Amino acid sequence: MSKSPDAFRSIGEVSRLVGVAPHVLRYWESQFPQLAPVKRADGRRYYRPDDVRLAAGLCQVMREEGLSIRGARRLIAADRGLGLREIGAARLGEARDHAAEPAAASPDTPAPESTPLPRPPRRAAKPAESLPLFDRPGAAPDWLARLATAAARLRRLELQGRPLPDRARQLRIALRDLR
């Protein structure tokens, strides 16, 4: 029997979905006020679907990408956790259009090959003096969220055994040569 997509999840269920121990989730609750499950009178925690996505996004950027707690806080502050929730939905295998539905597969199972990766919107050409990640001076630091999202998408391609785009492959080779 499976739960409704909007059903609340216990800490054990979230722990298995996200791939971290329950004590790690409790620690993250103390570090990130945005991760606030509903607590019953007897102290049991129940995570809403958005809480599950946020926890999965935190796991992706902190455990897989190596981001610090401070960096994760900055990501959350930039867009109130929306970018991390998208990363979490991708980690859980949720389709972007069905963001309210939980993943049917475990986080270790790669997404089916027929699921297309969402593409970022095309932007107008930038002046030569601007850097691609810092194209809006004075804007909120959403470049970090975009970078983490791009890294997660590229990692998903590699896990699925699909080839990287030419520009990403060339960049990886160039970065490897710099070492």
Side-chain angles (χ1 to χ4, degrees), residues 1-112 114-118 120 139-160:
M1 182 172 119
S2 65
K3 284 189 169 183
S4 163
D6 296 326
F8 286 26
R9 311 276 176 191
S10 69
I11 193 167
E13 290 173 301
V14 175
S15 171
R16 284 187 297 276
L17 280 172
V18 174
V20 298
H23 72 272
V24 174
L25 290 171
R26 288 190 293 270
Y27 176 71
W28 285 352
E29 288 172 28
S30 70
Q31 297 299 309
F32 304 102
Q34 296 81 1
L35 183 61
V38 176
K39 289 188 185 176
R40 288 180 21 165
D42 63 358
R44 289 190 212 171
R45 292 168 165 82
Y46 286 98
Y47 290 81
R48 296 174 286 260
D50 266 357
D51 292 329
V52 175
R53 285 186 212 98
L54 182 60
L58 286 169
C59 182
Q60 180 67 33
V61 298
M62 290 173 56
R63 295 233 167 158
E64 306 296 328
E65 309 293 332
L67 196 64
S68 66
I69 289 177
R70 180 182 289 173
R73 281 187 190 138
R74 288 180 182 162
L75 275 178
I76 291 173
D79 61 357
R80 297 185 184 183
L82 183 62
L84 271 180
R85 285 184 180 92
E86 287 180 8
I87 292 169
R91 178 182 176 90
L92 294 171
E94 296 176 359
R96 185 172 238 190
D97 295 335
H98 306 292
E101 297 176 9
S106 70
D108 297 331
T109 305
S114 62
T115 305
L117 292 174
D142 66 340
W143 62 270
L144 189 55
R146 292 194 333 247
L147 180 63
T149 302
R153 287 179 185 155
L154 292 173
R155 181 165 285 116
R156 269 185 51 202
L157 281 177
E158 284 187 322
L159 290 174
Q160 292 173 353

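Quick caveat, the model's predicted, so the values are computed rather than measured. Position 1 is the first residue of the sequence, and the numbers go up from there.
Between the CD1 atom of Ile87 and the CD atom of Glu64 there is a distance of 12.0 Å, given to the nearest 0.5 Å. In this structure, Leu54 CG and Cys59 SG are separated by 11.5 Å, a value rounded to the nearest 0.5 Å. Atom CZ of Arg40 and atom OG of Ser10 lie 11.0 Å apart (nearest 0.5 Å). Atom CZ of Arg9 and atom OG of Ser15 lie 13.5 Å apart (nearest 0.5 Å). The CD1 atom of Ile76 lies 11.5 Å from the CG atom of Leu82; values are rounded to the nearest 0.5 Å.
Residues Asp79 and Leu84 form no side-chain contact, since every pair of their non-hydrogen atoms from C-beta on lies 4.5 Å or further apart. The closest side-chain heavy-atom distance from Val20 to Trp28 is below 4.5 Å. Residues Lys3 and Phe8 form no side-chain contact, since every pair of their non-hydrogen atoms from C-beta on lies 4.5 Å or further apart. Side chains of Leu35 and Tyr47 form a contact here, defined as non-hydrogen atoms less than 4.5 Å apart. Taking the side chain as every heavy atom from C-beta outward, Arg73 and Gln34 never approach each other to under 4.5 Å. Looking at heavy atoms from C-beta onward, Glu29 lies in side-chain contact with Pro37 at the 4.5 angstrom threshold.
For Arg45 (side chain) and Ala36 (main-chain N/O), no donor-acceptor pair under 3.5 Å exists by modelled atom type. Between the side chain of Arg85 and the backbone N or O of Arg80, at least one donor-acceptor pair lies under 3.5 Å.
Here the closest heavy-atom approach between residue Ala72 and residue Leu58 is recorded as CB-CD2, 3.9 Å. Residues Gly19 and Arg63 share a closest heavy-atom pair of O-NH1, 4.4 Å. Residues Pro22 and Ile11 come closest through the heavy atom pair O-CD1, 3.7 Å.
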Check against side-chain contact (heavy atoms from CB on, under 4.5 Å), Ile69 and Phe32: CA-CA 9 Å; Ile69 289 177; Phe32 304 102; 3.9 Å; yes
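Residues satisfying the salt bridge (Lys or Arg N to Asp or Glu O under 4.0 Å) test with Arg44, not counting sequence neighbours, are Asp42. For Arg26, there are no side chain to side chain donor-acceptor pair (under 3.5 Å) partners, not counting sequence neighbours.
For the residue pair Glu13 / Tyr46, no side-chain donor-acceptor distance below 3.5 Å is found, with atom types taken as modelled.
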